[in-house]
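Just so it is clear: chains get the letters A, B, ... in the order the sequence lines come, proteins before strands, and each one is counted from 1.
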Protein chains: 2
Amino acid sequence: MAKFATIKEYVYQKIESGEWPEYHPVTSENALAERFSVSRMTARRALQELSEEGLVTRTRGSGTFVAPLKSQSALLTIRNIADEIALRNHRHHAEVKVLETVVAPNTVASALQLEIGSEVLHSVIVHFENGQPVQVEDRYVNPALVPEYLQQDYTSITPHEYLCEVTPLTEASHLIEAVLPEPQISEMLQLETPEPCLQIQRRTSCRDGVVSQATLTHPGSRFRLGGHMVFKNTQRGKKENIQ
Amino acid sequence: MAKFATIKEYVYQKIESGEWPEYHPVTSENALAERFSVSRMTARRALQELSEEGLVTRTRGSGTFVAPLKSQSALLTIRNIADEIALRNHRHHAEVKVLETVVAPNTVASALQLEIGSEVLHSVIVHFENGQPVQVEDRYVNPALVPEYLQQDYTSITPHEYLCEVTPLTEASHLIEAVLPEPQISEMLQLETPEPCLQIQRRTSCRDGVVSQATLTHPGSRFRLGGHMVFKNTQRGKKENIQ
DNA sequence: TTAGCGATGTTGTATATACATTATCGACCA
DNA sequence: TGGTCGATAATGTATATACAACATCGCTAA
């Protein structure tokens with residue numbers, strides 16, 4: 001095992017065993033270097049990585065402390081639907097229901113940071129897993145940032161993939177809720193009776209502005225979000241809270 | 001700006017502009033060091049951090065390459081309910097409905113990796129935001145790992161917080177779906193009519209085994225999961241896929 | 001008493017160097 | 001033609017050093 005990894009294990013064990021509770025000071029770089037007979041840079045790397053993993057917090061001039069683990073939060077991975085299906089070794093195909101230019105509904109215009117009444121690009125696509133519909137993707141796109149959006153063939157590439165190509169390094173914010181779907185959504189998902197659906201609102205933006213807003217609707221009976229997650233520290237706790 | 005940050009910006013710009021597409025080789029540590037007149041260790045740090053951010057992949061002996069951004073996935077943060085409510089500056093309180101030792105239902109026993117018929121600790125708690133019920137927490141706990149679980153006061157500390165204290169550094173896996181709740185859940189949430197609910201299954205484990213399994217049910221009309229998310233590369237793409 | 005100052009310790013950045021480990025490719029030989 | 005070996009280059013680990021930036025605490029002087 002690498003020396004820096006040995007030091008990480010040492011600190012990790014102190015935290016896991018409870019010997020070092022929240023906010024407890026961690027041995028300083030210099031002290032660790034001496035104790036383990038390594039250079040300060042090596043000890044530093046161990047603490048640095050623990051900090052990136054959220055286990056400790058570091059403050060210049062002050063020291064390293066065990067992070068407040070109470071406010072841990074979990075991270076859930078949201079993949080795009082095609083990847084998700086490919087991951088399960090299932091077949092994916094898509095049907096394009098709508099591909100048009102429309103005047104943006106007011107909510108959409110404000111979400112895309114455009115003036116009321118602006119024209120936007122609009123697509124509605126149904127995604128199938130092994131022939132069964134699992135997602136309706138209703139997407140509005142900013143024409144200034146992605147002018148060629150309507151000219152793509154969305155049976156061979158998903159809008160998400162195309163947008164990632166055109167505007168790499170976008171950020172996104174999401175909202176997940178449980179809803180009863182509108183009748184036309186229900187019909188596209190081939191639901192006999194209305195059933196609860198997972199609905200994901202996704203808004204992506206790049207440096208130049210908001211790129212697109214999508215509403216992804218999944219039937220509850222055929223779709224689950226999730227898989228493995230790892231705790232990650234949110235670093236909300238402050239040293240002031242000690243005592 | 002620090003020198004290593006300057007180099008990061010340089011590479012970032014190459015990727016964002018599309019000048020360096022997926023799998024494109026990134027200038028090597030030595031070449032960057034020379035071009036920016038810094039030591040190799042400084043150039044290295046820039047590439048290292050970009051790698052941790054998922055923007056590039058590095059292979060010893062081979063080099064550094066722009067990561068496949070198509071298979072980006074987003075990370076959704078799941079906080080515990082008390083933190084979530086505190087974040088909105090709302091009041092949180094909890095009502096304990098059940099706190100008992102029971103013989104584990106078969107599905108629970110297998111989830112906790114216990115023998116069929118084992119006894120487990122069981123709690124049902126309703127969480128309120130500003131007086132309105134927003135979550136029913138139905139939790140089964142492994143008594144071998146948390147023997148004192150039933151002796152806590154869950155109106156002052158949430159089970160999640162208590163478990164984090166007793167077994168720090170746990171991992172969790174989650175499953176999120178949309179369901180229609182059971183009648184008794186519906187009643188605890190004070191729902192007039194059955195409405196779609198977000199249901200989160202959470203299973204936490206530490207080094208010694210599975211700690212607990214929880215089913216968290218939120219009424220769709222009063223709860224949304226989400227907020228901001230950042231893209232993170234999943235690193236699924238392989239170099240073999242080039243060409 | 002209190003405001004300010006300086007000593008000390010801690011983390012952050014940067015450099016130059018050494019060697020280990022691995023991937024790739026070309027040259028040489030069978 | 002095909003396989004093996006070695007040179008080369010890239011990343012990974014580790015060290016010793018220097019200085020900068022910041023926090024904290026104790027001491028001194030107003």
Exercise for the section: May I ask you to evaluate whether A:Gln48 reaches the phosphate of C:dT11, defined as a side-chain N or O under 4.0 Å from OP1 or OP2? Expected result: no
Completion exercise
Taking C:dT11, C:dT15, D:dG12 as options, the one with an atom nearest any side-chain atom of B:Ser39 is C:dT15
Handout entry: Any B:Ser62 side-chain nitrogen or oxygen under 4.0 Å from OP1 or OP2 of C:dT22
Key = no
Fill in the blank from the handout: 5'-most contact on DNA chain D (nearest-nucleotide basis), B:Glu29 vs A:Gly61, goes to B:Glu29
Practice task
Kindly point out which of C:dT13, C:dA14, D:dT11 is positioned nearest to the side chain of B:Thr42?
Solution key: C:dA14
Practice task
Have a look at A:Arg45 and say if it touches a base, only the backbone sugar-phosphate, or nothing, with a 4.0 Å heavy-atom cut-off.
Solution key: sugar-phosphate
Practice task
Give a yes or no on whether a salt bridge exists between A:Glu29 and A:Arg58, defined as a side-chain N under 4.0 angstrom from a carboxylate O.
Solution key: yes
Problem - B:Ser62 backbone acceptor or donor facing B:Thr59 side chain under 3.5 Å - result: no
Exercise for the section: Take atom CZ of B:Arg58 and atom C1' of C:dT21, then tell me their distance rounded to the nearest Å. Expected result: 14 Å
Completion exercise
Closest of D:dT11, C:dG12, C:dA14 to the B:Lys3 side chain is C:dA14
Problem - Residues A:Glu129, A:Arg91: salt bridge by 4.0 Å N-O rule - result: no
Exercise for the section: Select one nucleotide: of D:dG12, D:dT13, C:dT13, the one nearest the side-chain heavy atoms of A:Met41. Expected result: C:dT13
Exercise for the section: Output the single nucleotide from C:dA14, C:dA16, D:dA10 whose closest atom is nearest the side chain of B:Ser28. Expected result: D:dA10
Problem - Aromatic ring proximity, centroids under 6.0 angstrom, B:Tyr154 and B:Tyr149 - result: yes
Handout entry: Whole-Å distance separating the CD atom of B:Glu49 from the P atom of C:dG12
Key = 12 Å
Exercise for the section: On DNA chain D, check which nucleotide each of A:Arg60 and A:Ala2 is closest to and give me the residue with the more 5' one. Expected result: A:Ala2
Practice task
Please tell me which of the listed nucleotides, C:dT15, C:dT11, D:dT11, lies nearest to the side chain of B:Arg40?
Solution key: D:dT11
